[in-house]
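For reference, the structure is listed below as structure tokens.
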Amino acid sequence: MKTIIISPFSRFMRNGQLNPKNYPYWKELVGMLKEKGYYVIQVGIDGEAVIGADEFVKNPSLKTLKKMINECFIWFSVDNFFQHLAYLLNKKGIVIFGQSDPIIFGHNTNINMLKDRRFLKPLQFDIWERSIFSEDIFPKPEEVMEYFNKMEGEK
Amino acid sequence: MNNKDIDITAEISTAGRYYSTLPMAIVSVANQTYKPKEILIYDDGEQKDLRQEPLYQYIFGLLQEKGIKWRVGFGARMGQVLNHQRALQEAETEWLWRLDDDNVAEPDVLEKLIRNITDKTGAVAGLVLHPNRPILELPKFWSINKIEDCQDPSMLNIQWFKQKGVKSVDHLYSTFIYRKEAAKHGYNMDLSPVGHREETLLTYEMKRNGWDLILDPEAVTWHFRLGTGGIRGKFHTKEAFDHDEQVFLSKLKEWGIKLKYNKLVVLDCGLGDHLVFSKIIPEIKKKYPNQKLIIACCFPEVFEDEDDNVILISIADAISHCGDISSFNIYKWMWDRNWKKSLEDAFRGLYL
């Protein structure tokens, strides 16, 4: 069975609010992937929400993550450290952006999904605590699946 | 040589610190377990008759009680280099102990410094520590005051760090004992009155002439670096420091010193930023092949597979060594430039 890794969240915010980079539709997306027969592994840290994956690997070391990335079929993440680690390993995946600019923070070796540039925060280098979470700015899971299906076909 | 027979003259060049650090400096000389024969004080300040000042009546009385002769000379008010040179000429002993007027020596400094003297010794220094901030341990990779590293901002003077073991060094700073014969070339009179680099020039020339320079870290002098007064006082301008830096660099060139620099990187940022930065390490190594890469970081595991030319330190170390690290903040760097390109390219802009 082919494995998909998902790194679903960015770090906890110091003000206790939801990180505006966090994608709100992981559960739906994970359901669709599982329906297609994939084994889905969530990677993250203690305290993060469960997204319905087959497995949750908590607090993995970089070494473990590298091994998992190299062995997986494809990976998904938000704009967090994971996309950079996969980039260093030349492993292509799908990054779901919301308010951060993929031209600055993404890598053109990945599929960088952005609903619309008008949702980008005006001060890209300001602290995230000054931004507000909104689920409307993210692509719907069906749209993400369209890109996934395309990548799946290419592979 | 019986080191117990070494006669030493202490000398202090001072201005504007009659009632702040100067009394502490003199009393720390008086309280040495190994007494100097004499103390010379060169006054570039108000030039009062200190014998009439009640505090100094106590201090001079203390010196007398301890068997230490004292003399106060009025300087030309042209800075410390002139005064230190004058001490070299007026001292009646073969060894001098130079102190700044904001140095407070532990009572055993002289005792510990003289135990290192051999026939080849030109100068011996101890640590010069600033008690108003954390005192760090000397990192293992640090340059041992090698002259070729003296311009590298990531390699501060080792006299500022706690450490173990006597070391042979290329130059000394601030306060040390030295042999008159080893310093016969004198202080560099091309320097401005601020005398920036005067100790390095004096001591490295001793080294060049074949004398040993020693650092004994068990001898500790506290540096009460005060914002007011001081021998540099009115001369303290950027132009004066720039002038002295040029004199210093010319001298290094004349001596054929090839300066070395390490490349300092400060990653006071997230794990993802560390990972993106790691992508450009091969480019940095290619551009600076003879430099070590010192990385202050929050996630050292990102760099665990790097070779010995990559040295990892903490952010606390970076702040202690550099002071303000905001110039290394990649987000500030991008903000200031209204950056529109990739984070990876921003790191290239900052470090390549």
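Computed from a predicted model, the values in this text were never measured in an experiment. A note on names: the letters A, B, ... follow the listed sequences, proteins ahead of strands, and every chain is numbered from 1.
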Short donor-acceptor separations (under 3.5 Å), chain B to chain A:
| unit_1 | atom_1 | unit_2 | atom_2 | d |
| --- | --- | --- | --- | --- |
| B:Leu343 | N | A:Ile104 | O | 2.8 |
| B:Glu344 | OE1 | A:Tyr87 | OH | 2.6 |
| B:Glu344 | OE2 | A:Tyr87 | OH | 3.3 |

Worksheet item: Any chance the side chains of B:Glu199 and B:His171 put a donor and an acceptor closer than 3.5 Å?
Response: no
Worksheet entry | Test side-chain contact (heavy atoms from CB on, under 4.5 Å) applied to B:Tyr173 and B:Trp160, step by step | CA-CA 10 Å; B:Tyr173 141 93; B:Trp160 292 336; 3.1 Å; yes
Worksheet item: Taking C-beta and beyond as the side chain, do A:Phe133 and A:Pro24 meet within less than 4.5 Å on heavy atoms?
Response: yes
Worksheet item: Do the side chains of B:Phe328 and B:Tyr351 get nearer than 4.5 Å, heavy atoms only?
Response: yes
Item to complete: Could you tell me whether A:Ile132 atom CD1 has more than 12 heavy atoms of other residues or ligands within 6.0 Å of it?
Response: no
Fill in: B:Arg197/B:Glu245 salt bridge by N-O under 4.0 Å criterion
yes
Discussion item. Atom CG of residue position B:Asp308 - does it have more than 12 heavy atoms of other residues, nucleotides or ligands inside 6.0 Å?
Written reply: no
Item to complete: Select one option (side chain, backbone, both, neither) describing which atoms of A:Leu62 are under 4.5 Å from chain B's heavy atoms.
Response: side chain
Worksheet item: So what's closer than 4.5 Å to chain B heavy atoms on A:Leu88: side chain, backbone, both or neither?
Response: side chain
